[in-house]
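These numbers come from the heavy atoms of this one structure, side chains and all, not from hydrogens, waters or symmetry mates. Reminder, nothing fancy here: chain letters follow the sequence lines and each chain counts from 1.
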Amino acid sequence: MKTYTRVVNGSQVTINAVETHEDIQDFVAFGKANLGWLACDTETTGLDIYSDNFRLRTVQFGNEREAWVLPVERLGRLPAIAALLNVNKLVFQNASYDLQVLEQCLGVKGLWSKVVDTKILAHLIDPRGKTEGGTGHSLEDLTRHYIDADIADGVKGLMKALAADTKTPVAQVFATVDYSNPDYQLYAGMDTILAARLARKLMPLVPAESKPLIRSEHKLAEVCAVMERTGFLLDVDYTTKLSGRLSEIQDKSESEAAGFGCENVNSTEQVADVLEARGHKIPERTPCGKRKVDKVLLTRLVEQGDEFAKSVVTAKQARKWRTTWVDGFLTQMDGAGRCHPAINPLRARTARMSITGIPAQTLPAGDWMIRRCFLADQGQVMVSVDYQAQELRVLAALSGDQTMQKAFRNNDDLHQITADASGVDRKIGKMVNFAYVYGSGPRNIAEQAGIGVDTAKKVIQGFEKSYPQVKRLSQELQKQARRDGFINTPFGRRLPVDQERPYAALNYMVQSSSRDITAGGLMRLHDAGITPYLRLPIHDEVLASVPADKAEKAAKKIGELMCTRFKGVFIGTDPEVGGRSWGSLYGSDY
DNA sequence: CAGGTTAGCACC
DNA sequence: AAACGGTGCTAACCTG
């Protein structure tokens, strides 16, 4: 056994790295003395959890003073499994990852009921990232802020130094470094001590009104973790062919652009040079003062019949689609042809979820081509259930606005009501309904809608006159934000609002409450045993793969479980049954 | 050369 | 009086 001592925030800690079978007895004694709770962490060969050569290397346990590192790949998995099963509460930093690892590599299931996740606690205390003036939510950031800045730097430095010493990229070090390396053992053990200390420190800092969220966020994390693990079946044949087709389009268009003297269509500077040489004016500038060449400008030029602009637009889109989506799907799919999204159930300041891997929230909505890559399982079809006008209904509920609530009750056309208030087209009324929730000002609305600033002001005034309680809510929230620096949502969330942008408070309120309504729906689906069929949550929508012969019934059931009443306002759902591919819900015939 | 920033483009 | 909220990804560009 190797033993290390360090000082963390003024007190000494010990890290024990098990090296022989005899050492295990000492670990067992430690476990028996700490049955109440322990922090746990794993070291693996990398983060590519679903790749074939992914391996679990060590499992670590620790309390606030002492950590133990178990080399499961060397000495077997039994001591680690026994400890996982025996300890009452397990503290993790980002449990989702480690629990997937433990289930996949050790076959241990059912741990979620024991989990305390420090990342969840940290987000409930301050949901802001580091760049937004918050603490951030990584172990390193939390350690720096709440425990010991030197240790945070030191731990980070350990693996970096190791990478430099062995001349391997940091990501690869985890797979190649020898278990007996002292820096590695120290690094592995220290994380559990830090997580244990964080748990102690953070628990009392969760605002009283947010306490109920501790439970529900752990539950939601479990639901999302199951969706990640299940993954989404990829149509490999279609996806491969699509990649090839996009490559051809890209090559052709790039060589056309080269013919006009532009070697790299992704270089804004080069494209700007050629455009100016062709006699086009580039009126707009980016925040840094560079010539702004974006889609708006380029499509205008395409409409004017400029062949170069056409090549650039086509090449850029083909490349973007191929690299960002299609090729990504193919490289990250697992051995069974499934892609596993990474779902962060608690991401934004507003707690909005985010999805990476399959960036499901940002796939083109106007075209089925990309979504066509994904399939319902064998014998199943795709089902999508979304909330009807979720954010506007939430706004109606939060504000208590009678006109808005009545419009929803009677199925009146809310966008037309806004439009009529100032005598503009429905399209503009719709835009302003959304823009108001986003906190847009007159200038922005004018630009977006292609109307004058004066007209935009009139439409906003019309909105505020139509829904007076919405305006009142916004003002009330801004007052609170200025006074307290944060607002509270009906779900118990505390949302910091920057002093220089109090107008954002309304959006935070609406966005966060909407997220919590979707989250509630997901948890009800979980309780009903539907989680295995779920594929993705996408803002106000849940995507599922269900048996084809019971699809209509299943979709209806999901819709019923998801819909809810919020402050007296019914938030209904719209179930839709598709075919085999996700694209079928967007117009593809398969 | 790694890592961060900017610009642009998707979505709700 | 005016105020565009949030996310991810890539390529190019910049910096230590």
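Contacts of E447(A) with the nucleic acid, taken as non-hydrogen atoms under 4.0 Å apart, are absent. Residue-level contact check: G129(A) touches neither bases nor backbone, having no heavy atom under 4.0 Å from any strand. Among the protein residues, T350(A) comes within range of no part of the nucleic acid, since none of its heavy atoms lies under 4.0 Å from any strand. Contact annotation for L506(A): no contact, since no heavy-atom pair falls under 4.0 Å across all strands.
Taking side-chain N and O atoms only, N507(A) has no distance below 4.0 Å to OP1 or OP2 of dG6(C). For the OP1/OP2 pair of dG5(C) and a distance below 4.0 Å, the side-chain nitrogens and oxygens of Y503(A) include at least one atom meeting the criterion. For dG5(C), neither phosphate oxygen OP1 nor OP2 lies less than 4.0 angstrom from any side-chain nitrogen or oxygen of R349(A). The phosphate of dG6(C) has neither OP1 nor OP2 within less than 4.0 Å of any side-chain N or O from R347(A).
What separates CD of E132(A) from C1' of dG6(C) is a distance of 10 Å, to the nearest Å. Distance OH (Y436(A)) to P (dG5(C)): 15 Å, rounded to an integer number of Å. Rounded to an integer number of Å, the gap from NZ of K457(A) to C1' of dA3(C) is 12 Å. Regarding Q475(A), its CD atom lies at a distance of 17 Å from the P atom of dA3(C), rounded to whole Å. Atom CG in N266(A) sits about 18 Å away from atom P in dC9(C), given to the nearest Å. Remark: C1' of dG5(C) and CZ of F434(A) are 13 Å apart, rounded to the nearest angstrom. In this structure, CG of N344(A) is placed 11 Å from C1' of dT7(C), rounded to the nearest angstrom. For I343(A) and dG8(C), the CD1 to P distance is 13 Å, given to the nearest whole Å.
The environment of CZ in R278(A) is crowded: more than 12 heavy-atom neighbours from other residues, nucleotides or ligands sit within 6.0 Å. For I282(A), the CD1 atom sits in a packed shell: over 12 heavy atoms of surrounding residues, nucleotides or ligands are nearer than 6.0 Å.
One distance of note links CD of Q172(A) with OG1 of T45(A); it measures 11.0 Å at 0.5 Å rounding.
Using cut-offs of 30° and 60° for the angle between ring planes, the H415(A) and F434(A) rings count as tilted.
Nearest nucleotide to the side chain of P442(A), out of dC13(C), dA11(C), dA3(C): dA3(C). Side-chain proximity of T323(A) to the nucleotides dG6(C), dT10(C), dG8(C) is greatest for dT10(C).
Screening E284(A), K281(A), E276(A) for a side-chain contact (heavy atoms from CB on, under 4.5 Å) with R291(A), the sole residue that qualifies is E276(A).
F486(A) has its ring centre no less than 6.0 Å from the ring centre of Y508(A).
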Using the 3.5 Å cut-off, write out each protein N or O paired with an N or O of nucleotides 6-12 of chain B and the distance between them.
unit_1: dA7(B); atom_1: OP1; unit_2: T286(A); atom_2: OG1; d: 2.9
unit_1: dA7(B); atom_1: OP1; unit_2: C288(A); atom_2: N; d: 3.2
unit_1: dG8(B); atom_1: OP1; unit_2: V293(A); atom_2: N; d: 3.3
unit_1: dC9(B); atom_1: OP1; unit_2: K295(A); atom_2: N; d: 2.6
unit_1: dC9(B); atom_1: OP2; unit_2: K295(A); atom_2: N; d: 3.2
unit_1: dC9(B); atom_1: O2; unit_2: K320(A); atom_2: NZ; d: 3.2
unit_1: dA10(B); atom_1: OP1; unit_2: K295(A); atom_2: NZ; d: 3.1
unit_1: dA10(B); atom_1: OP2; unit_2: K295(A); atom_2: NZ; d: 2.9
unit_1: dC11(B); atom_1: OP1; unit_2: A365(A); atom_2: N; d: 2.7
unit_1: dC11(B); atom_1: O4'; unit_2: Q361(A); atom_2: O; d: 3.4
unit_1: dC12(B); atom_1: O3'; unit_2: D540(A); atom_2: OD1; d: 3.2
unit_1: dC12(B); atom_1: O2; unit_2: R352(A); atom_2: NH1; d: 3.0
unit_1: dC12(B); atom_1: O2; unit_2: R352(A); atom_2: NH2; d: 3.0

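D141(A) and T135(A) share no side-chain donor-acceptor pair at under 3.5 Å.
Side chain of D425(A) to backbone of K427(A): no donor-acceptor contact under 3.5 angstrom is found.
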